[in-house]
*Asks:* 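Mind having a look at this structure? Questions to follow.
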Protein chains: 2
Amino acid sequence: MDARNWDQAIRKLGKKATPQRKAILTALSQQDKPATVDEIFIEVREHQKTSLSTVYRNLELLFSQGLINKQGFPGEKARYSLKRDTHEHTLVCIDCRKIVAITGCPLESYAVEIGLRENFVVLDHRMEMYGYCQKCSQIRGRVSD
Amino acid sequence: MDARNWDQAIRKLGKKATPQRKAILTALSQQDKPATVDEIFIEVREHQKTSLSTVYRNLELLFSQGLINKQGFPGEKARYSLKRDTHEHTLVCIDCRKIVAITGCPLESYAVEIGLRENFVVLDHRMEMYGYCQKCSQIRGRVSD
DNA sequence: TAATAAATGCAAATCATTCCTATTACTAAA
DNA sequence: TTTAGTAATAGGAATGATTTGCATTTATTA
């Protein structure tokens, strides 16, 4: 999914390929980690006139259509990221909020197994791990606790 | 952790064992699935005079002290549940929202492994699976899609 | 190029959650 | 047991992210 194809991708959803939508997808493709709505808004606005509500509306659209991911805790701002080919898990530093993508999914066979056991048609799952990144764990080691 | 010990449990945190706090813990212990703040508020209010802000404050307190779990998506209401001995994962029906607790955690050894690989001190993780429960998958099978 | 349905921008509305402050009530000590 | 002191509560107002209504603009498609 590269930049020249945003147009196609949006039309495939039966939606209009507005400059705002293309700019949002471009902004997402430039982020190296899941971004908040205002981060995306700021980035988009540098290249394209837009409004916050347009960004909100379109992120929600793209999420509901399965083009992007939405994650975060309740009470925290939502974070969005482009859906890459492989489904992704993350490792989040609870101190500096650094996010690292984990490649590979340890839950594929487990999902099938649990579906059979509980009589569920399991379609998807979310998994995130929390802890301290190397830097923050060193800082914490030095000072208190 | 049973009802008669809420008093002890709260005091162990260095907090006052108010009737509101005890009632909140009792309410949580009666829920069979993670409950929203207003569900808990309604339940608590049947037995004990309280206010919404008290319920919010105490759920947050109990969560920060590790007595209860907090989960949910950004933009959705947070859901709280009593922390049982074993850490818990859930299976959520995306149609009727039924929640089933999965016993056993398939991620324990993986958490250690990924921590070493990525230089993270992994402290915790969240994992939720989504799909259709038996009932809803049958309904969907019959009608459209 | 014109018709039209969809999308945008802006401001106002919502809704969960947090905060403020006067009042109340646990708790520890006498 | 009473009382002082402090933490906790109630209730309402404030906050902040997200959503919505509506007038205006724009992408599509014939």
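We name chains A, B, ... by the order of the sequence lines, and we start the count at 1 in each one.
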*Asks:* Would you call B:Arg126 and B:Glu128 a salt bridge, using N to O less than 4.0 angstrom?
*Replies:*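 Between B:Glu128 and B:Arg126 there is a salt bridge, with a charged N closer than 4.0 Å to a carboxylate O.
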*Asks:* State which of C:dT8, D:dA10, D:dT9 makes the closest approach to the side chain of B:Asn58.
*Replies:*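 It is D:dT9.
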*Asks:* Would B:Leu61 and B:Ile10 show up in the same hydrophobic cluster when neighbours are defined by side-chain heavy atoms closer than 4.5 Å?
*Replies:*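 Each belongs to a different hydrophobic cluster.
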*Asks:* Rounded to whole angstrom units, what separation is found between the CG atom of A:Leu59 and the P atom of C:dA7?
*Replies:*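 Atom CG in A:Leu59 sits about 15 Å away from atom P in C:dA7.
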*Asks:* Round to the nearest Å and state the distance from A:Lys15 atom NZ to D:dT26 atom C1'.
*Replies:*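 From A:Lys15 NZ to D:dT26 C1': 16 Å.
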*Asks:* To the nearest 0.5 Å, what is the distance between OG1 (B:Thr90) and CD1 (B:Ile102)?
*Replies:*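 Between B:Thr90 OG1 and B:Ile102 CD1, I get 6.5 Å after rounding to 0.5 Å.
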*Asks:* Rounded to whole angstroms, how far apart are CG on B:Leu61 and P on C:dT17?
*Replies:*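 Whole-Å distance recorded here is 17 Å.
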*Asks:* Using atom CD1 of B:Ile40 as one end and atom P of C:dA16 as the other, report the distance to the nearest whole Å.
*Replies:*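 In whole Å, C:dA16 P and B:Ile40 CD1 are 14 Å from each other.
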*Asks:* Please tell me whether A:Val92 and B:Leu123 are part of a single hydrophobic cluster in this structure, the criterion being side-chain heavy atoms less than 4.5 Å apart.
*Replies:*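 Yes, A:Val92 connects to B:Leu123 through the hydrophobic network.
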*Asks:* Give the rounded distance in Å between these two atoms: CZ of B:Phe63 and C1' of C:dT17.
*Replies:*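 Rounded to the whole Å, the gap is 15 Å.
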*Asks:* If you measure from CG on B:Leu62 to NZ on B:Lys15, what distance do you get to the nearest 0.5 Å?
*Replies:*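 That separation rounds to 10.5 Å.
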*Asks:* If you look at every heavy atom in B:Lys22 and B:Ala17, which pair is closest and at what distance?
*Replies:*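 Shortest heavy-atom contact: CE-O, 3.5 Å.
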*Asks:* Rounded to whole angstroms, how far apart are CZ on B:Phe41 and C1' on C:dT17?
*Replies:*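 My rounded result for the distance is 14 Å.
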*Asks:* What do you reckon, are the aromatic ring centroids of A:His89 and B:His125 less than 6.0 Å apart?
*Replies:*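 No - the distance between ring centres of A:His89 and B:His125 does not fall below the 6.0 Å cut-off.
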*Asks:* For every nucleotide of nucleotides 15-24 of chain D, 5' to 3': is a protein heavy atom under 4.0 Å from its base (B), only from its sugar-phosphate (S), or from neither (-)?
*Replies:* --SBBBB---
*Asks:* Which whole-number value in Å describes the distance from A:Arg21 CZ to D:dT25 P?
*Replies:*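 Going from A:Arg21 (CZ) to D:dT25 (P), I get 19 Å.
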*Asks:* Residues in side-chain contact (heavy atoms from CB on, under 4.5 Å) with A:Ser81, at least two apart?
*Replies:*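 With neighbours one apart ignored, the set is A:Pro34, A:Asn69.
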*Asks:* Answer yes if the ring centres of A:Phe73 and A:Tyr130 are under 6.0 angstrom apart, and no otherwise.
*Replies:*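 Ring centroids of A:Phe73 and A:Tyr130 are less than 6.0 Å from each other.
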*Asks:* Whole Å only: how far is the CD1 atom of A:Ile10 from the P atom of D:dA27?
*Replies:*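 Distance check: A:Ile10 CD1 to D:dA27 P gives 12 Å.
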*Asks:* Quick one: is C:dG9 close enough that its OP1 or OP2 comes under 4.0 Å of any side-chain N or O from A:Thr54?
*Replies:*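 Result: yes.
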*Asks:* I'd like a list of close polar pairs between nucleotides 23-26 of chain C and the protein, N/O only, cut-off under 3.5 Å.
*Replies:*
residue: C:dC26; atom: O2; partner: B:Lys16; partner atom: NZ; Å: 3.1

